[in-house]
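All figures in this text were calculated on a predicted structure; none of them were measured in a lab.
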Amino acid sequence: MKRTHPVKVIAVTGGKGGVGKTNVSVNLSVALSEMGRRVVLMDADLGLANVDVLLGLRPKKNIANVLSGECSLLEVLVEAAENLWIVPASSGTQEMTALSVHEHAELIHAFNDISDQMDVLIVDTAAGISESVVSFVRAAQEVLVVVCDEPTSITDAYALIKLLNRDYQMTRFRVLANMVRAEAEGRNMFSKLLTVTDRFLDVTLQYVGSIPYDESIRKAVQKQKAVMKAFPTCKSALAYRQLANKVDEWPVQNSPRGHLEFFVERLVNKG
């Protein structure tokens with residue numbers, strides 16, 4: 001029986017739109033790929049595909065074509081940079097949780113087929129706390145919650161953590177402050193979130209740092225490029241490299257939990 005290569009699976013989520021979650025997913029993926037890690041970035045916003053737009057890609061096929069049996073996952077992968085491949089989202093609205101048993105099995109086989117070709121799988125979830133978002137987040141080994149300096153961002157991040165803790169007994173979350181004017185602002189955001197989680201929930205939050213507000217990000221979006229590629233020496237690019245160094249040190253679990261089929265099985269089994 002083939003021994004599956006352990007893969008670090010990270011879900012990037014935020015509980016609301018507008019926190020810059022897709023930008024974080026894209027630039028963290030680029031930063032890790034520049035370190036020599038083989039990265040697959042899955043656009044899990046199944047209703048509104050954003051990753052390909054952000055990178056100026058025009059994929060001919062997406063995850064829906066894999067599920068329909070038209071092609072393999074390998075055929076869907078789009079090479080975005082050296083060591084970085086994208087799994088484009090379906091432009092339809094069907095959620096993973098609506099898949100049939102046969103489609104579940106197809107998805108598990110599809111990911112197992114490419115597991116030996118990657119070190120990290122980053123899952124860019126949709127905004128909100130829909131069943132689809134929850135499915136992806138609870139299936140991942142690591143959950144990176146992105147917050148920004150808006151009251152609704154902290155409230156929505158708390159709502160997501162509360163739901164995952166209460167209904168799925170998840171207890172460990174990593175928090176990234178995005179678009180901060182100063183490092184102190186990021187730590188202040190984290191403290192606000194920590195205050196309410198410590199009071200009401202049995203969870204552990206870890207602050208992983210911040211990404212500064214940077215006009216270069218807006219310019220990179222207009223160019224349809226990752227800021228890491230468009231402006232590699234800007235302050236946000238430097239912060240993404242620091243973040244990637246931290247992420248790279250997170251342990252890969254060399255157990256069933258550390259294997260890709262575990263991620264997919266968790267994703268498609270609601271139990």
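Remark: the backbone N or O of S210 is not paired with any side-chain donor or acceptor of R187 at under 3.5 angstrom. A donor-acceptor contact shorter than 3.5 Å links the side chain of T125 to the backbone of V12. Between the side chain of N165 and the main chain of M170, a donor-acceptor pair closer than 3.5 Å is present. The backbone N or O of T195 lies less than 3.5 Å from no partner atom in the side chain of D198, so there is not a single donor-acceptor pair. Under a 3.5 Å cut-off, the side chain of N178 and the backbone N or O of V147 do not form any donor-acceptor pair. Of the possible donor and acceptor atoms, one in the side chain of E185 sits under 3.5 Å from a partner among the backbone N and O of R181. With hydrogens and angles disregarded, no donor-acceptor distance shorter than 3.5 Å links the side chain of K60 to the backbone of V76.
Because its NZ or CZ atom is both nearer than 6.0 Å to the ring centre of W250 and within 45° of the ring axis, R174 counts as a cation-pi partner of that residue.
Residues satisfying the side chain to side chain contact (heavy atoms under 4.5 Å, CB included) test with K229, not counting sequence neighbours, are V30, E34, A81, A226.
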Pair L144-T13, side chain to side chain contact (heavy atoms under 4.5 Å, CB included): steps then yes or no
CA-CA 6 Å; L144 183 61; T13 191; over 6 Å; no
V120 vs I10, test: side chain to side chain contact (heavy atoms under 4.5 Å, CB included). Steps then yes/no.
CA-CA 8 Å; V120 185; I10 305 163; 4.1 Å; yes
Do K246 and Q242 pass the side chain to side chain contact (heavy atoms under 4.5 Å, CB included) test, and can you show the C-alpha distance, the side-chain angles, and the key distance before you say yes or no?
CA-CA 7 Å; K246 289 179 185 174; Q242 287 181 335; 5.6 Å; no
Kindly determine whether V123 and L121 satisfy side chain to side chain contact (heavy atoms under 4.5 Å, CB included), including the steps that lead there.
CA-CA 6 Å; V123 182; L121 173 65; 4.1 Å; yes
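Using a 4.0 Å cut-off between charged side-chain N and carboxylate O, K235 and D214 make no salt bridge. Salt-bridge annotation for D124 and K21: present, with a side-chain N of the basic residue lying under 4.0 Å from a carboxylate O of the acidic one. A salt bridge between E215 and R218 is present, with a side-chain N of the basic residue lying under 4.0 Å from a carboxylate O of the acidic one.
For R166, the CZ atom counts as densely surrounded, since its 6.0 Å shell holds more than 12 non-hydrogen atoms of other residues, nucleotides or ligands. Heavy atoms from other residues, nucleotides or ligands lying under 6.0 Å from CG of D202 number 12 at most. In E82, the CD atom is not crowded: 12 or fewer heavy atoms of neighbouring residues, nucleotides or ligands sit closer than 6.0 Å.
Taking CG of D119 as the reference point, atom CE of M35 lies at 11.0 Å (rounded to 0.5 Å). Here the CD1-OG distance, from I122 to S29, works out to 3.5 Å after rounding to the nearest 0.5 Å. If you take CD1 on I86 and CE on M42, they are separated by 12.0 Å, rounding to the nearest 0.5 Å. Expressed to the nearest 0.5 Å, how far CZ of R138 lies from OH of Y168 amounts to 5.5 Å. For the atom pair CG of L54 and OG1 of T22, the computed distance is 7.0 Å after rounding to the nearest 0.5 Å. Rounding to the nearest 0.5 Å gives a distance of 7.5 Å between CD of Q117 and CH2 of W85.
Note on V196: it clusters hydrophobically with M189, by side-chain heavy-atom contacts below 4.5 Å among ILVMFWY residues. Tracing side-chain contacts under 4.5 Å through hydrophobic residues (I, L, V, M, F, W, Y), one never reaches L238 starting from V24; they form parts of separate clusters. Follow the hydrophobic side-chain contacts under 4.5 Å out from L28 and you reach V221 in the same cluster.
A 4.5 Å side-chain heavy-atom check between V227 and C234 finds at least one atom pair inside the cut-off. In this structure, the side chains of M228 and R241 come closer than 4.5 Å at one or more pairs of heavy atoms. A 4.5 Å side-chain heavy-atom check between V203 and R172 finds every atom pair outside the cut-off. No side-chain heavy atom of V175 sits less than 4.5 Å from a side-chain heavy atom of V208. Side-chain contact check for M179 versus I211: every heavy-atom pair is 4.5 Å or farther apart. Using a 4.5 Å cut-off on side-chain heavy atoms (C-beta onward), L74 and I114 make contact.
Counting all heavy atoms, side chain and backbone alike, I161 lies closest to F173 at CG2-CE1, 3.7 Å. Residues S153 and V146 come closest through the heavy atom pair OG-O, 4.5 Å. A pairwise comparison of heavy atoms in A11 and V137 identifies CB-CA, 4.0 Å as the closest pair. The shortest heavy-atom contact between L193 and I154 is CD1-O, 3.9 Å. Residue A80 comes nearest to L55 through the heavy atom pair CB-CD1, 4.2 Å, listed as atom of the first residue, atom of the second, then distance. Residue G209 comes nearest to L176 through the heavy atom pair O-CD1, 3.3 Å, listed as atom of the first residue, atom of the second, then distance.
Within the structure, the ring-ring contact (aromatic ring centres under 6.0 Å, His included) test picks out the following pairs touching residues 174-196 (sequence neighbours left out): F190-Y207.
Exactly one of V87, L84, D52, L57 qualifies for a side-chain contact (heavy atoms from CB on, under 4.5 Å) with V78. That residue is L57.
S33 and N83 share no donor-acceptor pair across their side chains, judged by distance under 3.5 Å alone.
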